[in-house]
Amino acid sequence: MNKKTVLTRSVMALALLALGAAAGYQLANRKQPAAVVAASAGGADRKVLYWYDPMVPTQKFEQPGKSPFMDMQLVPRYADEAQAGGVSVSPQAQQSLGLRLATVEQRSTASSIEVLGTVQLNERDISIVQARASGFVERVYPLAPGDVVAAGTPLAELLLPEWEGAQREYLAVKALKDETLRQAARQRLRLLGMTDAVIEQLERSGAVQAKTTVRLPQAGLLAELMVRPGMTVAAGMSLARVNGLGTVWVEAAVPQAQGPLLRVGQPAELLVPGEAAARRARISAILPQASAEARTLRVRLELPNPGLRLREGMSLAVRLQSAPEQLLLVPSEAVIRTGRRALAYVAEETGRYRPVELELGQEIDDQLVVRSGLQAGQQVVASAQFLIDSEASLRGLQPTPNAATSSHSTNGVVEALDGVELSVNHEPVPALKWPAMTMGFKLAEPALAKGLKTGQRLRFSFMQRGDDYVITAIEPTGPGSPADTHARHTAASGASR
């Protein structure tokens, strides 16, 4: 073999090696994306739905790679994670976070409300002393506003010239022996304010008396004294006002959030300073006025006042008790309040934590009453739930809505529209126990009202967001609408067949 042949074979071998290396490089490059997908998917047994950036969880990508928003790789979303519908926390992470669970309890609870009450005078127990005839004040007995007086206490002596003339006329009529005229004259004496005792004394003695002593008709507090010596009084003029003290009112300010617990006749206990035993009373009235500044309701209790121990302006501790009822309770620390809604994280058997939207009631001893959203026996996260909520927000998880926030659909007629709100006369909504009525709805998007006119028939879907009911979808159903055109086209097709 000569040198030329050896050289030729060497060149051919090097060329084959180069071709093999190139082919291997191309094959490796061709298989690399599949390997990346398999690795990202975590194995053949897990299916990837899409990739996303944890900082922008609502944006989805069909292929892995680098995020266009942040300097980081996209994260896969697996099918089993989507089906689980919650946040998974490993046992090691639970221990390091100090994650603690609490049980939703249902028990019979007689809730009580402890508030501060103020003693007030009973405005139903008031007497007004008035002059029954015109005259003059000759004497006022030593009294002053604020005095506690007894029934029959003398108030003032009045000189009444009208009495003198009426009494002389009565004596003259009596001498005529006409019983009808006598009874008429006697009735006139009564209308001028004379008592039967004064009239009988006039009949016995025949002496005319124009002076009288005005006395207080009941015991209590002399609230007002409007008469002074030397005054001229006219018929119907008020001389004094007396407020009885046998019973008093206690008015308490109750937070308006606890208003649904109040009932007329509801029992209450009152702690009076200096008394060992609590006094018992019942709510006599829930007043219609509320305090806009303090956001409280006014509750009135009426109770007896033996010994006049209760005085106007005194402060008392009031405990309002409700009847026992079955309540669903959850610890207050387990609830996340966002301002528009309340959330709790329910522990699932699979080791995941699912957000649930709650409708809450009043708070009782560091526990909240749950009206909807949870069931007795469920486990909820009572600590570190804010970290779980942050993870759920990054993943775009939405809480399970309760019946109050779910979507509803009905038919109606447009009454008025202003671009952001739609007034609709709608049919009944059985799920919400609504009758047919006209009400205003907010629009989720102003474009939903495009093309609508007053009197337009439509079918619409809505849901509650905070205190508003928001329309999320609208489908016109009147003549000329797509639905009507489709229905007529279907009917015509059936007739042609």
- prompt: Does a sphere of radius 6.0 Å around CG in Asp196 hold more than 12 heavy atoms from other residues, nucleotides or ligands, not counting ones at 6.0 Å or beyond?
  reply: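 For Asp196, atom CG is crowded (more than 12 foreign heavy atoms under 6.0 Å).
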
message: Is it the case that over 12 heavy atoms from other parts of the model lie below 6.0 angstrom from the CD atom of Gln375?
response: no

query: Taking it one step at a time, do Glu138 and Lys211 satisfy salt bridge (Lys or Arg N to Asp or Glu O under 4.0 Å)?
result: CA-CA 9 Å; Glu138 289 197 340; Lys211 292 184 179 181; 3.1 Å; yes

Can a salt bridge be assigned to the pair [X] and [Y] using a cut-off of 4.0 Å between side-chain N and carboxylate O?
X	Y	value
Glu269	Arg280	yes
Arg124	Glu302	yes
Glu333	Arg100	yes
Arg341	Glu359	no

- prompt: Aromatic rings His426 and Trp434: how do their planes relate, parallel, tilted or perpendicular, breaks at 30° and 60°?
  reply: tilted

message: Go through it in stages, so that I can follow the logic: the residues are Arg354 and Val356, the test is side-chain contact (heavy atoms from CB on, under 4.5 Å), and I'd like the CA-CA distance, side-chain angles, deciding distance and then a yes or no.
response: CA-CA 6 Å; Arg354 174 173 51 88; Val356 175; 3.3 Å; yes

task: Go through Gln266 and Arg282 one step at a time and tell me if the side-chain contact (heavy atoms from CB on, under 4.5 Å) criterion holds.
output: CA-CA 5 Å; Gln266 183 174 333; Arg282 292 183 178 275; over 6 Å; no

Kindly give the heavy-atom pair with the smallest separation between [X] and [Y], and that separation in Å.
X	Y	value
Gln218	Val149	O-CG2, 4.3 Å
Ala268	Leu301	CB-CD2, 3.3 Å
Leu360	Ala342	CD1-CB, 3.7 Å
Trp163	Leu192	NE1-O, 3.0 Å
Pro154	Leu143	O-CD1, 3.7 Å
Pro255	Val115	CD-CG1, 4.3 Å

Would you kindly say whether [X] and [Y] are connected by a side-chain donor-acceptor distance under 3.5 Å?
X	Y	value
Ser461	Thr472	no
Glu415	Ser423	no
Arg190	Gln187	yes
Gln183	Glu179	yes
Thr103	Gln378	no
Glu251	Thr118	no
Thr247	Asn122	yes
Glu157	Thr212	no
Gln367	Arg107	yes

Do side-chain atoms of [X] reach the backbone of [Y] as a donor and acceptor pair under 3.5 angstrom?
X	Y	value
Gln167	Gln209	yes
Asn243	Asp125	yes
Ser205	Gln201	yes

Using side-chain heavy atoms (C-beta onward) and a distance below 4.5 Å, is [X] in contact with [Y]?
X	Y	result
Arg300	Gln120	no
Ile471	Leu422	yes
Ile113	Leu262	yes
Leu221	Val242	no
Val470	Phe441	no
Arg132	Met194	no
Leu222	Thr153	no
Val233	Leu239	yes

task: With side-chain contact (heavy atoms from CB on, under 4.5 Å) as the test, would you mind laying out the steps for Glu169 and Arg188 before giving the verdict?
output: CA-CA 10 Å; Glu169 180 181 341; Arg188 184 188 176 197; 2.4 Å; yes

Rounded to the nearest 0.5 Å, what's the gap from [atom1] on [X] to [atom2] on [Y]? Could you check?
X	Y	atom1	atom2	value
Leu310	Met314	CG	CE	6.0 Å
Asn425	Asn411	CG	CG	11.5 Å
Lys450	Leu443	NZ	CG	14.5 Å
Ile126	Glu123	CD1	CD	4.5 Å
Arg459	Ile474	CZ	CD1	13.0 Å
Arg337	Leu343	CZ	CG	11.0 Å

- prompt: Residues two or more places apart in sequence or in another chain: which of them pass ring pair (Phe, Tyr, Trp, His ring centres under 6.0 Å) with Tyr170?
  reply: none

field: Met226 and Met231: CA distance, side-chain angles, deciding distance, side-chain contact (heavy atoms from CB on, under 4.5 Å) verdict
entry: CA-CA 10 Å; Met226 293 86 77; Met231 287 179 55; over 6 Å; no

